[in-house]
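Have a look at the structure below, then the notes.
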Amino acid sequence: IPPAWLARATAWFDHQAVATASTLADIPRSCDRAQTLLTLPISMGGAGVRQQAIVAPAAFWSSLMSTVVAGCLEVSMPLDQILEDILEQLNIDPVRKEVMMKTGVLPRPSPHVGLSLAFRNFYRRCPFDKLQRELSRAAEKGIFNHIKSENSSEAELAVLKSAAGRGAGTWLVRTTQFSNQAFVNAIRARFALMPTGIPNSCPLCHQEVDCMHFLHCPKLKGRLLLRH
């Protein structure tokens, strides 16, 4: 089924998924940055609540090409137009599209590229077992770069870089014993949000508290157990 036909359903599903995750992590609906980070892969500093609006078009194109290569389907519509529609739904910019052409994920435009045979020959030569992953990752990378380029503070950028580091999200995918409150604060810290139930000023040094304060408060120096 073409993903455009399911656009309203996937938009509703994505909204419900993010709303549920936001409630569990005590993230305000007004915090657009954190709401967006929820939907990014863990490797990009997110929480892995993937958007079906991204997954569905990428999965559709991957399965369509698998069927075309196998010779099980002749598509009457020009495949180049279908591909352009998919890329538009994924908001993949021209720069990222060019990179994907160079790496063999997408074919370059040609007079015959719209034909099933042209795509069949292209993907027979180029592996497409990771096609869905490459397409969805390109779309999510665009969102990640947008978050980095918008008006983020130095602290928010530092936390995002740290959260996207190798192994930084392991605790999200392994069975870890957390209390509900500890999990909420861990997610909020991952998104550069203040822990819940924390006063506006530090009770030790009396400075104004931000999301990073308890990681560098001079009064906590040497009290590693308390800090962590």
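Side-chain atoms are counted along with the backbone in the values below, which use heavy atoms only and exclude waters and symmetry mates.
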- In Å, rounded to the nearest 0.5 Å, how long is the span from CG of Leu24 to CG of Asn180? 9.0 Å
- Item | Sub-4.5 Å side-chain heavy-atom contact between Ile27 and Arg33 | no
- Task: Inspect the surroundings of CZ in Arg137 and state if more than 12 heavy atoms from other residues, nucleotides or ligands are less than 6.0 Å away.
- Result: no
- Message: Under the rule for side chain to side chain donor-acceptor pair (under 3.5 Å), what residues qualify as partners of Thr36, not counting sequence neighbours?
- Response: none
- Query: Got Phe119 and Leu83 here, is their nearest side-chain heavy-atom distance under 4.5 Å?
  - Reply: yes
- Query: With hydrophobic residues grouped by side-chain heavy-atom distances under 4.5 Å, do Val18 and Ile143 end up in a single group?
  - Reply: yes
- Query: With the 4.5 Å side-chain cut-off for hydrophobic clustering, are Ile82 and Met65 part of the same group?
  - Reply: yes
- What's the spacing between Leu135 CG and Arg133 CZ if we round to 0.5 Å? 12.0 Å
- Task: Apply side-chain contact (heavy atoms from CB on, under 4.5 Å) to Thr170 and Ile42, showing your working.
- Result: CA-CA 8 Å; Thr170 303; Ile42 293 172; over 6 Å; no
- Verdict with supporting geometry, Tyr123 and Val68, side-chain contact (heavy atoms from CB on, under 4.5 Å): CA-CA 9 Å; Tyr123 283 113; Val68 167; over 6 Å; no
- Nearest 0.5 Å please: distance from the CD atom of Gln132 over to the OG atom of Ser63. 8.0 Å
- Full working for side-chain contact (heavy atoms from CB on, under 4.5 Å) between Leu193 and Asp26: CA-CA 10 Å; Leu193 296 175; Asp26 198 15; over 6 Å; no
- Sort and list the pairs that fulfil salt bridge (Lys or Arg N to Asp or Glu O under 4.0 Å) and have at least one residue in residues 58-72, not counting sequence neighbours. none
- What one should report as the nearest heavy-atom pair of Ala25 and Val184 is O-CG1, 3.5 Å
- Which atom names give the shortest non-hydrogen contact between Leu172 and Gly46, and what distance separates them? CD1-O, 3.9 Å
- Message: Can a donor-acceptor pair be found, under 3.5 Å and without considering hydrogens, that links the side chain of Gln35 to the backbone of Pro28?
- Response: yes
- Message: For Leu6, is there any backbone N or O sitting under 3.5 Å from a side-chain donor or acceptor partner on Thr10?
- Response: yes
- Query: What residue pairs, at least two apart or across chains, pass salt bridge (Lys or Arg N to Asp or Glu O under 4.0 Å) with a residue in residues 85-96?
  - Reply: none
- Query: Just by distance, do the side chain of Ser66 and the backbone of Ser62 share a donor-acceptor pair under 3.5 Å?
  - Reply: no
- Note on the structure: What one should report as the nearest heavy-atom pair of Ser162 and Ala168 is O-CB, 3.2 Å
- Query: Are side-chain heavy atoms of Arg190 and Leu37 found at a separation under 4.5 Å?
  - Reply: no
- Item | Residue Glu154 excluded, over 12 heavy atoms near CD under 6.0 Å | no
- Message: According to salt bridge (Lys or Arg N to Asp or Glu O under 4.0 Å), who are the partners of Glu134, at least two apart in sequence or on a separate chain?
- Response: none
- Applying the 4.5 Å side-chain criterion to the ILVMFWY set and letting contacts propagate, would Met44 and Trp171 be lumped into a single cluster? yes
- Query: With ILVMFWY side chains joined below 4.5 Å, transitively, what does Trp12's cluster contain besides itself?
  - Reply: Phe13
- Criterion salt bridge (charged side-chain N to carboxylate O under 4.0 Å, His left out) on Glu156 and Lys148, from CA distance to verdict: CA-CA 9 Å; Glu156 287 175 332; Lys148 288 175 61 177; over 6 Å; no
- Item | Pairwise distance NE2(His15) to OG(Ser22) - rounded to 0.5 angstrom | 9.5 Å
- Nearest 0.5 Å please: distance from the OG atom of Ser136 over to the CH2 atom of Trp61. 15.5 Å
- Message: Applying a strict under-4.5 Å side-chain criterion to I, L, V, M, F, W and Y, I'd like to know whether Val159 and Leu157 cluster together.
- Response: no
Review item, side-chain donor-acceptor pairs of residues 50-60, under 3.5 Å, at least two apart:
unit_1 : atom_1 : unit_2 : atom_2 : d
Arg50  : NE     : Glu140 : OE2    : 2.6
Arg50  : NH2    : Glu140 : OE1    : 2.9
Arg50  : NH2    : Glu140 : OE2    : 3.2
Gln51  : NE2    : Thr39  : OG1    : 3.4

- Are Val49 and Leu90 connected, step by step, through hydrophobic side chains (Ile, Leu, Val, Met, Phe, Trp, Tyr) whose heavy atoms are closer than 4.5 Å? no
- Note on the structure: All heavy atoms of Met100 vs all of Ala138, minimum pair found to be SD-CB, 3.7 Å
- Query: Side-chain contact, heavy-atom cut-off 4.5 Å: Leu64 with Leu79?
  - Reply: yes
- If we only count heavy atoms from C-beta on, is the Glu98 to Arg108 side-chain gap below 4.5 Å? yes
- Item | Residue pair Leu38, Phe191: steps toward the side-chain contact (heavy atoms from CB on, under 4.5 Å) verdict | CA-CA 9 Å; Leu38 277 171; Phe191 296 161; 3.6 Å; yes
- Query: Is it true that the side chains of Ser201 and Gln207 contain a donor and an acceptor less than 3.5 Å apart?
  - Reply: no
